[in-house]
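The analysis underlying the following values was restricted to heavy atoms, covering all of them including side chains, and did not include hydrogens, waters or symmetry mates.
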Amino acid sequence: MPGGSMPGGSMPGGSMPGGEASQTLDRGLRLLHLVADVPGGLTVTEAASQLGIGRAAVYRLVGPLAGHGMLRRDADGRLRLGIGVLHLARRAQPLLAEGALPALRRLAEQAGATAHLTVVEGGEGVALAVVEPSWTSFHVAYRTGARHPLERGAAGRAILAGRAGDAGPVSTAGELQPGAYGVAAPVIGVPGLEASVGVVALAPLDAEAIGAQVLAAATAIATALT
């Protein structure tokens, strides 16, 4: 047949035309985002309603996404993110750290304190990138990969504040380590990323001056990652 098309719009070998394939990909990505935004998962009916498509169409999306580990169905049949998403996130982490390093270096030198980028993983804050100042005699040694509850420490509290729509700096004292002081701000505007940037020091920090530096670093990192 002219152009090699088949009746009904199919292509040879059963592949979909470009427009239909793009629509399917878009729906699949939207479904992943919907499931990611609901901690308790979504039913197929809820997903169909939010996507504006039928249940059968949702099942067709779930099949290949589950096959690649991006989605799973729990014992109640609710759709949840699969382990494949975590695998992709871990692959992306070095790229995030690389994009944040210039701003973290500036922040560490300006503040004279250890600067860090913290991201959410498994409901905890994880230090993804850490830069120590070059000119101070003493500073906090903060290990990349260190984990802590979001409810404790400036980095986690800043992430929680960002969830609530507050982009301002957060200050804490001694919550993660006695004698340590922190200032952090959420990284806003990067799709799919919950993170904060901040500094930690062994002496009290000027919340106003350091807060402005931290906010500038958070803006620079958001720009670098978008």
Side-chain angles (χ1 to χ4, degrees), residues 6-11 13-96 117-128 145 147-153 155-167 170 186-196 218 221-222 225-226:
M6 301 293 289
S10 299
M11 301 298 290
S15 60
M16 294 182 292
E20 185 178 348
S22 296
Q23 183 184 62
T24 299
L25 176 60
D26 177 71
R27 286 176 172 174
L29 293 173
R30 287 169 57 202
L31 177 58
L32 285 176
H33 282 288
L34 286 174
V35 174
D37 288 340
V38 182
L42 286 174
T43 66
V44 170
T45 299
E46 290 168 341
S49 175
Q50 294 193 46
L51 289 172
I53 60 178
R55 286 167 48 91
V58 173
Y59 281 115
R60 287 195 294 271
L61 295 173
V62 170
L65 288 172
H68 287 283
M70 299 293 115
L71 284 181
R72 63 182 177 86
R73 298 186 70 189
D74 64 17
D76 296 324
R78 301 182 72 85
L79 301 175
R80 297 178 180 270
L81 292 182
I83 196 69
V85 173
L86 180 59
H87 178 69
L88 287 180
R90 286 176 174 166
R91 291 291 185 91
Q93 285 183 351
L95 298 177
L96 294 177
L117 174 70
T118 298
V119 300
V120 176
E121 184 179 290
E124 295 181 304
V126 180
L128 184 61
R147 291 176 172 270
H148 56 80
L150 294 179
E151 296 80 12
R152 293 176 57 196
R157 290 187 181 277
I159 290 171
L160 294 178
R163 286 181 180 176
D166 184 358
V170 175
V187 177
I188 303 295
V190 182
L193 177 69
E194 280 194 302
S196 68
I221 290 173
L225 297 179
T226 53

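Heavy-atom minimum distance, A195 versus V119: CB-CG1, 3.9 Å. Considering all non-hydrogen atoms of both residues, M70 and V85 come closest at O-CG2, 3.5 Å. The two residues L79 and A47 come nearest to each other via the heavy atoms CD1-CB, 4.3 Å. Closest approach of L61 and G28 over heavy atoms only: CD2-N, 4.0 Å. The two residues P186 and A158 have their closest heavy-atom pair at CB-O, 3.4 Å. Nearest approach of T118 to A155, heavy atoms of both residues: OG1-CB, 3.6 Å.
Contacts of L34 classified as side chain to side chain contact (heavy atoms under 4.5 Å, CB included), with partners at least two apart in sequence or in another chain: L42, Q50, L51. In this view, L25 and L29 satisfy the side chain to side chain contact (heavy atoms under 4.5 Å, CB included) rule, not counting sequence neighbours. Scored by the side-chain hydrogen bond (donor to acceptor under 3.5 Å, both in side chains) test, R147 finds E121, E124 as partners (sequence neighbours excluded). Applying the side-chain hydrogen bond (donor to acceptor under 3.5 Å, both in side chains) rule to D76 yields no partners; only residues at least two apart in sequence or on another chain are considered. For S196, there are no side-chain hydrogen bond (donor to acceptor under 3.5 Å, both in side chains) partners two or more places apart in sequence or in a different chain. Partners of P94 by side chain to side chain contact (heavy atoms under 4.5 Å, CB included), not counting sequence neighbours: none found.
L81 pairs in a side-chain contact (heavy atoms from CB on, under 4.5 Å) with only one of the listed residues (L65, L32, V38), which is L32.
Sorted by first and then second residue, the side chain to side chain donor-acceptor pair (under 3.5 Å) pairs with a member in residues 58-72 read R55-Y59; sequence neighbours excluded. For residues 186-195, the pairs satisfying side chain to side chain donor-acceptor pair (under 3.5 Å) are R163-E194, with sequence neighbours left out. Among pairs with a residue in residues 21-42, those fulfilling salt bridge (Lys or Arg N to Asp or Glu O under 4.0 Å) read D26-R30, at least two apart in sequence or across chains.
Proximity of V187 to L117: side-chain heavy atoms (C-beta onward) are separated by under 4.5 Å at one or more points.
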For this session: Evaluate side-chain contact (heavy atoms from CB on, under 4.5 Å) for V190 paired with L96, printing each intermediate quantity in order.
Result: CA-CA 11 Å; V190 182; L96 294 177; 5.7 Å; no
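Taken from CG in L31 to OG1 in T24, the straight-line distance is 12.0 Å, to the nearest 0.5 Å. To the nearest 0.5 Å, the span separating OG1 on T226 from CD1 on I221 amounts to 11.5 Å.
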